[in-house]
2 protein chains.
Amino acid sequence: MAEAPGGENLLYLTDEQLRKGIEAMFFAYRGFTADPDRILETMDYGRAHHRAVHFIHRSPGTTVSNLLAILGVTKQSLNRVLRTLIDEGQVRVEKGKVDARERHLYLTAKGAELERSLSDAQRARMRAAYRAAGPQAVQGFRQVLEAMMDPEMRVQYSRLKDGT
Amino acid sequence: MAEAPGGENLLYLTDEQLRKGIEAMFFAYRGFTADPDRILETMDYGRAHHRAVHFIHRSPGTTVSNLLAILGVTKQSLNRVLRTLIDEGQVRVEKGKVDARERHLYLTAKGAELERSLSDAQRARMRAAYRAAGPQAVQGFRQVLEAMMDPEMRVQYSRLKDGT
DNA sequence: AATTTACGTCAGCCTTGTTGACATTCCAAG
DNA sequence: CTTGGAATGTCAACAAGGCTGACGTAAATT
C-alpha cells in the first residue's frame, strides 16, 4: 500500500497496461453477455429485451421515460422491444394514478421467470469470476468500473445501487 | 487477507453484490466505448471498424482468419468492414509469401493515425479510471475480467497479452 | 385556453450481425 | 499430377436494433 513518499509507482498507467485493460474489457464483455444471449436466442429475444427486463425487474413500476434515461436509447427503439414484451405477456403496463400520462412497467409472473433464467445464467458466470478472483479483487473491479462510467451513468448506477 | 479458518467471508458473493457487478459492467462498457464512438461517427466508421483497426495495430501482419477468430464474427461481416478500410487507405493488404492464400493486414500511415486518435481517446478514460482507483484496484479489475472470459477468449487475450 | 409533457406510432434509413452459395487460389497429400 | 481441403473474396438476402423526423393523443400545467 505504502509507496515511496512523493512518488507513487505509476507503472500501472503505461500505455501497455492500459491496452491490456482495454482488451480485457472487450473480451470480458463478450463472456458477460454470452450466457444470456444463448437463452434469448432460443426464444427470439435479443439483448435489448434482456436490458428492458432487467431494469423493470430492478425497479418495478418504473416509467417509460425512466427506462429511456437508463438505457440511453430512443423511445422508438425501446417501444419496439417493449411492445413485443407486452404482447407476449412478459411485461404488464399500468396507467399512472397520480399522473395518468405515465405508464408504469411491471414484470408478469412469466416475465419474472424469464428474468430469473437470464440473471441466473449471468450471475453464475459473475459468481465464478468473483470467487476465482477473491473479495479484494472484486472491490477493485467495482472501483475501476465505476470510475470508467460517464458521470450521468454513475448517477443512474448509484441510484440503483442504493435502492432509491 | 486472512479469514476465519474453514470459513471465508462470502458476503461478496450474494445475489445483490453480483447484480451490482452486472450493472457496473453494463454502465462502464457504455463509458468505455463512448469516446471512440464519438470520433468514429464523424468519419462514418463504426465500432466494427474500430475493432478491426485495433487488432491489426496490435498484431501487424495478422491474417483474415486470425482476425475472424479474435473478433468472433463471420467472414462476410468482417469483409465488409475490411473492404471499406482498405478502399479508404487505412489498411494495407499483403499476399502471404510463405502461404500465398493468406492475406496479411497492416495499417497504413493514415490507418495508424486513425488508430492513435481512437486509442488515445479510449486510453485517456481508462487512465483516468485507473488513476482514480489505484494500482491495487486495477489488479483486481484485471483479475475479475480475465476470470469472466470464455476460455477460448482467454487464450486469445493471453496470446496478445504476452505478445506472441 | 394554450402549452408542455409522456407516450405511441408510422415511415425510412444505417450498421452490423447472420446464412447460403459460389469462385478462386493455393498448399499438401496421395 | 491430380485432388481435396484451406483461406479468402464476394453476391444476395435477411434480421436485430440503433437512429431521425413527423404526427397524434391524452393529460397535466400554466
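Remember, it's a predicted structure, so these values are computed and weren't measured experimentally. Below, chains carry the letters A, B, ... as their sequence lines are ordered, and counting in each starts from 1.
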Original post:
So with a 6.0 Å cut-off around CG of B:D87, is the heavy-atom count from everything else above 12?
Top reply: yes
Original post:
Run the side-chain contact (heavy atoms from CB on, under 4.5 Å) check on A:Y45 and A:H50 step by step: do they pass?
Top reply: CA-CA 8 Å; A:Y45 289 142; A:H50 184 187; over 6 Å; no
**OP:** Would you mind reading off the distance between A:L82 atom CG and D:dG17 atom P, rounded to a whole angstrom?
**Re:** 13 Å
Original post:
What's the CG-C1' distance between B:L105 and D:dG9, to the nearest Å?
Top reply: 13 Å
Original post:
D:dC14 C1' sits how many Å from A:D44 CG, rounded?
Top reply: 14 Å
**OP:** Figure out the CG/P separation between A:L68 and C:dT5, and round it to whole Å.
**Re:** 15 Å
**OP:** Assess the pair B:F27 and B:F32: is the distance between their ring centroids shorter than 6.0 Å?
**Re:** no
**OP:** Would you mind reading off the distance between B:D37 atom CG and D:dG18 atom C1', rounded to a whole angstrom?
**Re:** 12 Å
Original post:
With no hydrogens and no angle check, do the side chains of B:S119 and A:R19 hold a donor and an acceptor under 3.5 Å apart?
Top reply: no
Subject >> Within-4.5 Å side-chain heavy-atom neighbours: A:L82 and A:L105 >> reply: yes
Original post:
When you check every protein heavy atom under 4.0 Å of nucleotides 16-23 of chain C, what one-letter string (B, S, -) results, 5' to 3'?
Top reply: BBBBBB--
**OP:** Compare side-chain N and O positions of B:R83 against OP1 and OP2 of D:dG9 and report whether any pair is under 4.0 Å apart.
**Re:** no
Original post:
Between atom CZ in B:R30 and atom C1' in D:dG18, what is the gap in whole Å?
Top reply: 13 Å
**OP:** Go through the side-chain N and O atoms of A:T63 and A:R103 and say whether any donor and acceptor fall under 3.5 Å apart.
**Re:** no
Original post:
For atom CD of A:E94, is the number of surrounding heavy atoms from other residues, nucleotides or ligands below 6.0 Å larger than 12?
Top reply: yes
Only pairs under 3.5 Å count here: list side-chain donor-acceptor contacts from residues 67-80 of chain B, not counting sequence neighbours, and write none if there are none.
{"residue": "B:T74", "atom": "OG1", "partner": "B:S77", "partner atom": "N", "Å": "3.3"}

Subject >> DNA chain D-proximal residues of residues 88-103 of chain B, any heavy atom under 4.0 Å >> reply: B:R101, B:E102, B:R103
